[in-house]
There are 2 protein chains.
Amino acid sequence: MPEQPVRARLVDVARVAGVSKATVSKVLNGRQDLSVRPETRQRVHEAAESLGYRPHSGARALAGASTHALALLVPALANPTYVTIARGAYQRARELGYLSLLAEDFDGQEADESFNDLVQEGRVDGLLIASARPGHPLLDALSRSPVPHVFLNRSVEGSGRNVTMDVARSSVTALDHLHSLGHQAVGHIAGPPGITPSEDRKQAFLQHAEKLGLAAAPVASGDFTEDGGVAATLELLRATADGSRPPVTAIYTSSLAQAIGAMGAILKLGLRIPEDISVVGNDDLPIAGHLVPPLTTVAMPLYELGTAAVDALVAAIEGAPMGDVVVPTEPHLVLRGSTARPEGAS
Amino acid sequence: MPEQPVRARLVDVARVAGVSKATVSKVLNGRQDLSVRPETRQRVHEAAESLGYRPHSGARALAGASTHALALLVPALANPTYVTIARGAYQRARELGYLSLLAEDFDGQEADESFNDLVQEGRVDGLLIASARPGHPLLDALSRSPVPHVFLNRSVEGSGRNVTMDVARSSVTALDHLHSLGHQAVGHIAGPPGITPSEDRKQAFLQHAEKLGLAAAPVASGDFTEDGGVAATLELLRATADGSRPPVTAIYTSSLAQAIGAMGAILKLGLRIPEDISVVGNDDLPIAGHLVPPLTTVAMPLYELGTAAVDALVAAIEGAPMGDVVVPTEPHLVLRGSTARPEGAS
DNA sequence: CAGCTTCAGTCAACCGGTTTCCTTGAACGG
DNA sequence: CCGTTCAAGGAAACCGGTTGACTGAAGCTG
């Protein structure tokens with residue numbers, strides 16, 4: 001049997017290349033505190049290649065070097081927004097020689113577990129945290145045993161390690177669009193209170209609504225889910241129940257799922273989209289184009305958020321000073337069929 | 001400064017408990033090849049507890065023991081189906097003392113990378129593979145350096161390590177429902193060819209359609225995405241374009257995304273759901289209830305699939321013989337608004 | 001009471017890398 | 001011609017666990 005299931009180890013490479021373990025290690029890690037003949041370097045690389053050598057991550061981590069792994073903590077994997085972010089993070093990490101692991105953190109329930117399993121057990125060098133919120137257990141754990149980390153999407157004020165998008169701009173973009181169509185009463189469905197991107201989006205919405213001189217700009221809060229969208233929509237349209245005209249002619253939501261819930265609720269009330277109510281969602285994902293009517297959304301640079309967060313984290317791991325980062329790509333409107341001039345507008 | 005960021009190590013626990021490293025290791029790992037006084041055992045546990053001791057996974061792995069980590073490879077994270085499976089896997093793994101890592105495997109592109117990063121570098125003890133398909137590079141890598149693994153959802157024939165659900169039953173359930181409503185011409189949107197659960201579902205559909213004596217049971221294939229659903233729907237309804245009656249009065253899809261695409265396409269053709277065409281999807285997720293009309297689906301035991309796969313894998317890692325497993329929970333119908341009696345039925 | 005078990009744990013090697021400090025031979029300067 | 005320096009690479013300690021072989025003391029046996 002030509003069984004050869006044994007992993008090649010550093011010594012194997014060393015033997016084949018005719019040098020010592022130390023030399024192989026230094027060459028493969030590209031350390032310049034050692035001078036080697038180009039010819040030797042070459043031999044080492046060839047030997048490693050031919051043996052299919054892969055350093056054992058555990059041994060590496062033990063020896064004081066890094067694990068070359070990061071972990072991304074997201075609050076809800078079922079939210080495809082985070083999947084897009086995760087993809088960006090994964091790709092960029094890979095380009096930088098890191099492995100990005102993905103973990104779901106059900107709003108704190110799993111945070112401590114994840115922290116223990118991943119950080120305390122030395123599996124990762126740093127954390128990408130997309131699930132932060134005030135009072136989150138992770139913040140506590142991080143202050144007790146600090147580990148390189150960045151907060152993305154949901155920021156932590158004053159941490160100096162936030163990687164975010166220009167969410168204020170997304171509110172402006174959505175409102176400008178609706179305003180230009182002639183809407184004067186626009187409702188906003190915000191996320192749960194206390195979560196930064198949600199608060200920022202809401203503030204920007206209110207400010208810009210005032211600046212545009214909208215007649216009404218009510219806000220309702222709800223979870224980022226379909227159900228949250230339904231509840232908030234009913235709240236915004238409450239006056240409708242008695243048969244009078246709806247108090248708003250357009251709704252701008254914080255998440256795609258909320259928009260889906262909102263659309264369902266609006267149609268169930270017997271109102272039409274976009275004739276009676278226009279809807280604008282946040283985040284552009286394939287499903288948006290397949291809803292009926294297709295959903296107009298503000299596309300956020302989610303993938304870039306992932307890459308930028310990894311850039312920042314890796315820089316921090318390698319000792320660079322940290323600072324807040326805002327992804328430069330601007331949100332932009334993806335026009336579909338869920339928005340139109342309000343009836344009765346000139 | 002009360003800085004104490006140093007992780008507690010095995011020796012620290014040993015010192016506090018007043019015993020040797022070896023004893024601590026054996027006690028904490030619950031090995032019975034060692035006899036200890038209950039009192040000593042107690043001291044060790046208390047010491048570990050008070051120091052917040054967590055074994056370094058790398059050191060552990062190096063010393064020949066396991067890493068206590070698994071990896072789940074899914075073909076598309078954006079498909080919430082896999083998120084549900086992942087949750088089941090994560091929870092069950094945790095109960096068994098393992099950590100379940102999640103990796104996306106874009107149909108083979110990332111498989112080798114993941115395999116290298118996770119298996120070759122010794123980060124995990126085993127693999128849960130949900131992304132298998134014929135000719136997948138992973139199958140090759142696995143035969144070269146075998147690692148404990150199971151295939152879930154998508155099986156690999158003859159591997160003897162498949163963990164699946166009763167997908168045939170889901171076709172039967174869907175068809176029985178439609179047949180009982182009076183539908184005689186039901187179309188099926190299958191997944192891409194060669195992927196097992198898709199093939200099985202299709203076979204079961206055709207067989208049961210024949211058994212029920214349906215007048216027509218056309219099948220169209222498409223990706224598991226919304227776009228795949230649109231294309232397949234247009235194919236099934238092609239005859240409609242000329243204004244004649246649609247060739248089918250109901251459509252049963254392989255995935256939720258396909259169903260969403262199908263609904264969009266049907267409505268865009270000017271047909272009504274469910275009056276003109278009934279739609280039944282597969283997999284029940286929150287969004288299904290928020291579509292307009294709400295989607296009737298066959299709920300598959302996804303979470304259980306995740307737990308069962310972990311059970312099988314961990315058993316395999318611990319040396320038990322493997323065999324194919326079918327999750328016992330049966331698919332069941334979730335009745336919503338997208339199905340009704342066909343018009344013209346008695 | 002010597003010898004044999006059993007109990008309760010200890011010793012030390014080992015896993016596969018990384019890193020610090022050395023060694024060695026050759027070239028070079030004076 | 002001899003001491004220095006430098007390029008090129010090697011030896012060995014160490015990281016934090018695990019594990020099988022081993023040991024001292026107590027208990028049992030005859």
Side-chain angles (χ1 to χ4, degrees), chain A residues 5-45 47-48 51-69 97 117 119-123 125, chain B residues 5-45 47-48 51-69 97 117 119-123 125:
Chain A
V6 279
R7 297 174 5 89
R9 291 152 319 178
L10 192 60
V11 275
D12 300 323
V13 177
R15 188 168 353 90
V16 171
V19 294
S20 72
K21 281 169 48 170
T23 305
V24 175
S25 174
K26 289 170 185 164
V27 167
L28 292 184
N29 288 320
R31 300 189 45 136
Q32 62 276 57
D33 65 338
L34 171 76
S35 53
V36 269
R37 259 173 294 155
E39 166 206 331
T40 308
R41 182 185 304 276
Q42 175 73 5
R43 277 214 317 284
V44 169
H45 279 120
L51 291 172
Y53 172 68
R54 292 242 120 198
H56 187 285
S57 79
R60 231 179 185 183
L62 240 199
S66 86
T67 63
H68 285 259
D117 292 345
V119 177
Q120 303 277 45
E121 294 189 358
R123 293 186 206 269
D125 299 334
Chain B
V6 279
R7 299 173 6 90
R9 291 151 319 178
L10 192 61
V11 275
D12 299 323
V13 177
R15 187 166 356 90
V16 170
V19 295
S20 72
K21 281 169 47 170
T23 306
V24 176
S25 174
K26 288 169 183 165
V27 166
L28 292 183
N29 289 320
R31 301 187 44 136
Q32 61 276 55
D33 66 337
L34 171 76
S35 53
V36 267
R37 259 173 293 155
E39 166 205 333
T40 306
R41 182 184 304 276
Q42 174 74 4
R43 275 212 320 283
V44 169
H45 279 120
L51 291 172
Y53 171 69
R54 294 243 117 197
H56 187 284
S57 78
R60 229 179 187 183
L62 240 201
S66 85
T67 63
H68 285 259
D117 293 345
V119 176
Q120 303 277 45
E121 294 189 359
R123 293 185 206 269
D125 298 335

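Protein chains get the first letters and strands the later ones, always in sequence-line order, with residue 1 at the start of each.
- Contact detail for B:Thr67 and B:Gly122: the closest heavy-atom pair is CG2-O, 3.3 Å.
- Taking side-chain N and O atoms only, A:Arg9 has no distance below 4.0 Å to OP1 or OP2 of C:dC14.
- Comment: B:Lys26 does not engage B:Asp33 in a salt bridge, judged by the lack of any side-chain N to carboxylate O separation of less than 4.0 angstrom.
- When DNA chain D is scanned in the 5' to 3' direction for atoms under 4.0 Å from non-hydrogen atoms of chain A, the outermost contacting nucleotides are D:dA7 to D:dG16.
- Which of C:dT19, C:dT18, C:dT10 sits closest to the side chain of A:Lys26 comes down to C:dT19.
- Residue contacts for A:Asn29: at a heavy-atom cut-off of 4.0 Å it reaches the sugar-phosphate backbone alone, with no base atom in range.
- Counting distance only, with no hydrogens placed and no angle test, the side-chain atoms of A:Lys21 and the base atoms of C:dT19 include no donor-acceptor pair under 3.5 Å.
- The residue among B:Ala22 and A:Tyr53 whose nearest nucleotide of DNA chain C lies closer to the 5′ end is B:Ala22.
- The distance from atom CG of B:Leu28 to atom P of C:dG9 is 14 Å, rounded to the nearest whole Å.
- Residues A:Asn29 and A:Arg60 are in side-chain contact: their nearest non-hydrogen atoms beyond the backbone lie under 4.5 Å apart.
- Annotation: of the two residues near DNA chain C, B:Ala59 and B:Leu34, the 5′-most nearest-nucleotide partner is B:Leu34.
- When each of A:Asp12, A:Val13, A:Val19 is tested with A:Arg15 by the rule side-chain contact (heavy atoms from CB on, under 4.5 Å), just one qualifies, namely A:Asp12.
- One can place CG of B:Leu10 at 14 Å from C1' of C:dC11, the figure rounded to the nearest angstrom.
- Ranked by how close their nearest DNA chain D nucleotide is to the 5' end, A:Pro38 and B:Arg54 are led by A:Pro38.
- Ranked by how close their nearest DNA chain D nucleotide is to the 5' end, B:Leu62 and B:Arg31 are led by B:Leu62.
- Of the charged side-chain nitrogens involved, at least one lies within less than 4.0 Å of a carboxylate oxygen, so that A:Asp117 and B:Arg54 count as a salt-bridged pair.
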In sequence, state the C-alpha distance, the side-chain angles, and the governing distance for B:Arg7 and B:His56, and then conclude on side-chain contact (heavy atoms from CB on, under 4.5 Å). CA-CA 9 Å; B:Arg7 299 173 6 90; B:His56 187 284; 3.4 Å; yes
